[in-house]
Amino acid sequence: MQDSKKILGAVAINTSIIQEINNEVKNITNFKERVEQHLTSETTSLLDIILYSAISLGASDIHIEPEESQARLRIRLDGILHDVIFFDHTIYNQLVSRLKLLSKLKLNIKDKSQDGRFSINIDNLLIEMRTSVLPAEYGESIVMRILNPENLITLDALGLRKDLAKIFEKEINKPNGMIIVTGPTGSGKTTTLYAFLMKIQNPEIKIITIEDPIEYHLKGVSQTQVAPEKGYTFADGLKSIVRQDPDVILVGEIRDLETAKIGLQASLTGHLVLSTLHTNDAAGTIPRLVDLGADAASVAPAIKMAIGQRLVRKVCSKCSKLDKPTAEELKVLKQGLEKENIKNNKDVSVPDLMSIKIARINEKGCEACNFTGYKGRTGLYEAFLVDSEIEKFILTKPAVSAVREMAIKKGMITMWQSGLIEIALGKTTLDEVKKNIEEE
């Protein structure tokens, strides 16, 4: 890496390597070939190849994992890990040392986990790399998360259905209340929240975030990061933020009762509060907050909208084909899509199931999709609004199933149904939806 090209402390990929990757690396096979050719090169050049190849292929993470006799390099594409290459421990040790130096980690500590970061400058685009080092059986396992600002997408680019777009836009423009996005790690919750902020950001309002960590830097938004080792937690940060006279507050995650209480109180005193929660679906939001110890009497008037989401892979447009659904597939589609909550929603249009064609992936894939049959991902959502009836219902401390039943009765289209709609539109497959969402 060329120190002469540092910008704001970032390291720059060698320009000749950028040209080589741009010309030669179109898929994981090409990636492997480039790495093989550079195994005897200097460690900095080899790392340049690994980093820029992963970035250019759109990977979200790079994994370097030591095994008994060799080490394995993997990347995560569209949520799925792919092997790239195996190499010997000598090369592995050199890469670990170089990455620790870049990430400002201690070289001599090998029995404890460490977290660090460094930035890469590519044509004046700063890409942040988050490095996690974990002691494992045969050495240190390294995962680098790639935070590419080009992955930030606007609300309009999320590809929302008309009904969801209408609901989301209306709710995020309200002056107060709490909006919670739920889902497991890696389901795109932060991307959704950032899209909300980019939509409502303007010079007339003050937006402050507290995150762990700050994933992307947003123009016109004051962003802070928790530092538990210094006693600066979500709860501490939230107390300070409220004193800064914000209009909108983003809390990276509600993890404990204190954070929940302050967030709920802020939403009841004239602030719009956006946050995330680890639950399986939108209905789990209410019972989860109550389980944390939050008073149902505060939760009921504070929560304005709960969202559940998942990411599913889209079929490759280059090699997939359209085909008539089988009798079993048609049965599943009918069972999910011919229900009242969809029929009664004029903003949801479902293709005629008797004449649709659904996508079939090419099992061998093609170069464009790294021979997987899938390329890119899309979000599946469910969302319900808290009206006066649901507000009273929350006071009874209902179970998840009861909240879900009530939300569907009120017209919520579930994530499973959202997945079936995407299948009917030929965008993804039943296998992919089943892999990510429990069948109803």
So, [X] versus [Y]: side-chain donor-acceptor pair below 3.5 Å or not?
X      : Y      : value
Asp256 : Thr259 : yes
Asn22  : Tyr52  : yes
His38  : Glu20  : yes

Subject >> Minimal non-hydrogen separation, Val25 against Ser53, with atom names >> reply: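 Scanning both residues, the minimum pair turns out to be CG2-OG, 4.0 Å.
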**OP:** Measure across Val315 and Thr429 and return the closest heavy-atom pair with its distance rounded to 0.1 Å.
**Re:**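 Closest heavy-atom pair between Val315 and Thr429: CG1-CG2, 3.6 Å.
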Looking at residues at least two apart in the chain, or sitting in another chain, which of them share a side-chain contact (heavy atoms from CB on, under 4.5 Å) with [X]?
X      : value
Lys318 : Cys316, Cys366, Ala368
Asn436 : Val312, Glu432
Ser132 : Asp115
Ala157 : Ile153, Thr154

Euclidean distance, [Y] [atom2] relative to [X] [atom1], rounded to 0.5 Å:
X      : Y      : atom1 : atom2 : result
Ile49  : Ile13  : CD1   : CD1   : 9.0 Å
Leu333 : Ile356 : CG    : CD1   : 5.0 Å
Asp281 : Ile307 : CG    : CD1   : 13.0 Å
Arg377 : Ser60  : CZ    : OG    : 6.5 Å

Surrounding [atom1] of [X] (heavy atoms of other residues, nucleotides or ligands, distance under 6.0 Å), is the total greater than 12?
X      : atom1 : value
Gln335 : CD    : yes
Lys32  : NZ    : no
Asp352 : CG    : yes
Lys427 : NZ    : no

Original post:
Please, which pairs that meet ring pair (Phe, Tyr, Trp, His ring centres under 6.0 Å) have at least one residue in residues 78-98, sequence neighbours excluded?
Top reply: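 Residue pairs with at least one partner in residues 78-98: His89-Tyr92.
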Below 4.5 Å, heavy atoms only, C-beta onward: do [X] and [Y] meet side chain to side chain?
X      : Y      : value
Ile122 : Ile127 : yes
Lys112 : Lys106 : no
Asp88  : Gln70  : no
Thr372 : Leu77  : no
Leu125 : Asn148 : yes
Ile358 : Leu322 : no

With distance as the sole test, does [X] use its side chain to make a donor-acceptor pair with the main-chain N or O of [Y] at under 3.5 Å?
X      : Y      : result
Glu422 : Thr428 : no
Ser418 : Tyr381 : yes
Glu382 : Met415 : yes
Arg161 : Leu164 : no
Lys314 : Tyr374 : no
Ser275 : Val251 : yes
Gln223 : Tyr216 : yes
Ser141 : Ala136 : no
Glu329 : Thr326 : yes
Asp61  : Ala59  : no

Just jot down the side chain to side chain donor-acceptor pair (under 3.5 Å) partners of [X], sequence neighbours excluded, or say none.
X      : value
Lys174 : Glu171
Arg130 : Glu128
Thr192 : Gln309
Glu367 : Asn27

**OP:** State which residue, out of Val11, Leu102, Ile17, fulfils the side chain to side chain contact (heavy atoms under 4.5 Å, CB included) condition with Leu47.
**Re:**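 One option only clears the test, and that one is Leu102.
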Subject >> Partner residues of Lys324 under the salt bridge (Lys or Arg N to Asp or Glu O under 4.0 Å) criterion, sequence neighbours left out >> reply: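 None.
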Subject >> For Phe384, all residues meeting ring-ring contact (aromatic ring centres under 6.0 Å, His included), sequence neighbours excluded >> reply: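 So Phe384 forms no ring-ring contact (aromatic ring centres under 6.0 Å, His included) with any residue.
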**OP:** Could you list all the salt bridge (Lys or Arg N to Asp or Glu O under 4.0 Å) pairs where at least one residue sits in residues 191-218, not counting sequence neighbours?
**Re:**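 Listed by first then second residue: Arg145-Glu215, Asp156-Lys199, Glu169-Lys199, Asp212-Arg255.
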